[in-house]
2 protein chains.
Amino acid sequence: MNISEKIIPPETASEDRSLAIREALRNAIIDRRLAPGTKLSEAEVGSLFDVSRTVVRAALQMLAFEGLVRTERNRGAFVSHPSPEEARQVFASRRLIEQGIMAGVLAHVTPADIQQFRRQLGEEQRHMNERGPAARRAEIKASGDFHLMLAAVAGNAILQRFMEELVARSSLVIALYGRSGTSSCGHSEHSAILDAVEQGDEKRAAELMIHHINHIEADLDLQIKQGMGLKDALTLR
Amino acid sequence: MNISEKIIPPETASEDRSLAIREALRNAIIDRRLAPGTKLSEAEVGSLFDVSRTVVRAALQMLAFEGLVRTERNRGAFVSHPSPEEARQVFASRRLIEQGIMAGVLAHVTPADIQQFRRQLGEEQRHMNERGPAARRAEIKASGDFHLMLAAVAGNAILQRFMEELVARSSLVIALYGRSGTSSCGHSEHSAILDAVEQGDEKRAAELMIHHINHIEADLDLQIKQGMGLKDALTLR
DNA sequence: TCAAGCAAGATTGCATACAATTTCGCCACT
DNA sequence: AGTGGCGAAATTGTATGCAATCTTGCTTGA
């Protein structure tokens with residue numbers, strides 16, 4: 001049995017394998033199972049998933065578009081190693097877009113949505129109470145999913161796609177520059193945001209969201225370790 | 001001599017041909033030389049640029065990511081035919097993001113930038129005074145470039161990339177749903193925005209930008225020609 | 001005359017072969 | 001011993017071949 005059968009759900013595999021590989025790599029990257037700087041060799045990934053280099057290339061190209069992977073001509077693809085400046089831009093973009101998302105959410109949210117959000121928050125809480133790296137990864141994932149669910153109910157597919165990219169890149173940034181071991185995305189803040197949404201208080205919901213993102217960013221160590229120019233190559237393995 | 005030598009500047013051709021082909025197709029699409037619904041056959045595009053289907057596929061995949069091209073499995077790639085709903089989402093996204101862009105512009109703009117903006121506005125004016133479809137295309141392009149230049153000086157590469165996608169998709173939408181023959185992007189409004197920027201009046205600049213986008217959208221005919229389900233296939237040729 | 005079925009042609013999806021480029025180790029030379 | 005250069009191995013970039021799928025036009029039957 002090949003690894004691909006363990007990783008990729010069979011129904012998606014038959015439809016479009018490069019999409020499935022993209023998802024698998026994506027999850028591995030935002031889970032930090034693939035460290036920034038790791039080389040993603042076409043042949044290696046291909047044999048791992050039991051496909052030819054052609055489909056791997058397609059997957060890598062998509063990831064490069066999302067900013068999760070950086071490709072260098074004739075050298076290959078590497079897991080992105082975002083700079084502090086890039087990290088700041090990611091959060092600046094999130095502050096802007098999630099503000100717009102909140103407006104859409106307030107306009108479109110249904111009681112059924114609220115219920116599902118509550119379930120999601122329960123998931124988060126559950127993972128927070130557990131210990132170990134697997135639970136930590138699940139917590140980060142669940143935390144990001146909350147933001148993605150908000151984007152989904154906001155009713156704008158374009159902003160939703162932007163958010164998917166930004167959340168993925170945020171995970172990468174948090175993995176690189178995260179400081180505290182505590183919740184990378186305060187659970188109670190999510191809860192407060194949801195309360196404001198349920199009460200239909202758009203102004204407060206947007207404010208809470210901004211503060212929430214500020215808190216995440218404030219928990220990072222984005223000092224400009226200057227003179228990193230050539231050292232990059234060393235750090236990057 | 002092949003067509004590719006006329007279209008693709010030689011220096012870029014040597015670097016990455018799929019990028020160059022993407023640019024060429026992109027320009028053709030937003031210039032409306034390629035109508036929405038047009039089929040982009042791999043073999044045809046390949047022979048046109050004198051490359052193999054492999055390279056063409058990479059270019060088409062990128063365009064699909066940007067939303068300029070829609071691909072159907074085993075059927076091929078087609079120039080996107082955005083729905084009225086998609087069009088509304090494009091402009092909603094622009095209202096949000098260009099607001100953020102304006103904040104960045106006010107924070108980073110230099111006198112040299114202002115000067116270049118004025119030159120760009122001159123370009124726009126020049127094309128507006130000319131007649132003919134070529135001049136019209138140049139005008140639409142120049143008008144979009146103004147927004148892209150703003151995004152460039154705002155200092156956020158992520159938002160800049162989002163804007164590049166949104167401006168391209170806007171061109172497609174305007175081509176499809178544009179009503180008036182008049183300037184699709186009021187030149188005087190650009191000028192007013194630039195004035196506000198020069199005076200450092202962020203609030204007014206952002207307001208003017210929002211109104212400007214509203215005007216563009218208001219000039220479209222986005223009636224929900226319902227029951228288009230199967231008729232799509234007809235309209236789409 | 002019209003509709004349904006079928007077969008040939010065309011087009012995409014994927015794998016593989018070859019060319020171009022880079023990387024790495026070895027050897028000679030100082 | 002250290003450095004520079006050369007050559008082999010590895011990796012990516014691109015082209016092409018084959019199988020699968022879709023399209024299209026013709027044929028056959030009612």
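Within every chain, numbering begins at 1; the chains are lettered A, B, ... in the order of the sequence lines, protein sequences first and strands thereafter.
- Rounded to whole Å, the distance from CG on A/Leu19 to P on C/dC14 is 10 Å.
- For the pair A/Ile21 CD1 and C/dG13 C1', the interatomic distance rounds to 13 Å; values are reported in whole Å.
- When the P atom of D/dT12 is taken as reference, atom CZ of A/Arg70 falls 14 Å away, rounded to whole Å.
- Contact between the side-chain N/O atoms of B/Arg57 and the OP1/OP2 oxygens of C/dT12 is not found at any separation under 4.0 Å.
- Pairs engaging residues 148-171 of chain B under the ring pair (Phe, Tyr, Trp, His ring centres under 6.0 Å) rule: A/Phe162-B/Phe162 [sequence neighbours left out].
- Salt bridge annotation for B/Arg161-A/Glu165: present, with a cationic side-chain nitrogen under 4.0 angstrom from a carboxylate oxygen.
- Here salt bridge (Lys or Arg N to Asp or Glu O under 4.0 Å) pairs that include residues 52-65 of chain B, with residues two or more places apart or in two chains, are B/Glu42-B/Arg53, B/Glu42-B/Arg57.
- Atom CZ of A/Arg53 and atom P of D/dG13 are 8 Å apart (whole Å).
- For DNA chain C, none of the residues of residues 58-68 of chain B falls under the heavy-atom distance limit of 4.0 Å.
- Under 4.0 Å is where a charged nitrogen must lie from a carboxylate oxygen, and between B/Arg22 and B/Glu66 at least one such pair does.
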Please write out the pairs of protein N or O atoms and N or O atoms of nucleotides 8-11 of chain C separated by less than 3.5 Å, giving the distance to one decimal.
none

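- With a 6.0 Å radius and a threshold of 12 heavy atoms from other residues, nucleotides or ligands, B/Glu130 has its CD atom above the threshold.
- The side chain of A/Ser52 places an N or O atom within less than 4.0 Å of a non-bridging phosphate oxygen (OP1 or OP2) of C/dA15.
- With sequence neighbours excluded, no residue forms a ring pair (Phe, Tyr, Trp, His ring centres under 6.0 Å) with A/Phe91.
- A straight line from CD of A/Glu72 to P of D/dG13 spans 11 Å, rounded to a whole angstrom.
- Between B/Arg73 and C/dC14 there is a side-chain N or O to OP1 or OP2 distance below 4.0 Å.
- Between A/Arg126 and A/Glu123, at least one side-chain N (NZ, or NE/NH1/NH2) sits under 4.0 Å from a carboxylate O, which counts as a salt bridge.
- Using modelled atom types and a 3.5 Å distance limit, the side chains of A/Ser143 and A/Asp145 yield no donor-acceptor pair.
- One can place CG of A/Leu40 at 14 Å from C1' of D/dT11, the figure rounded to the nearest angstrom.
- With sequence neighbours excluded, the residues that form a side-chain hydrogen bond (donor to acceptor under 3.5 Å, both in side chains) with A/Glu86 are A/Arg169.
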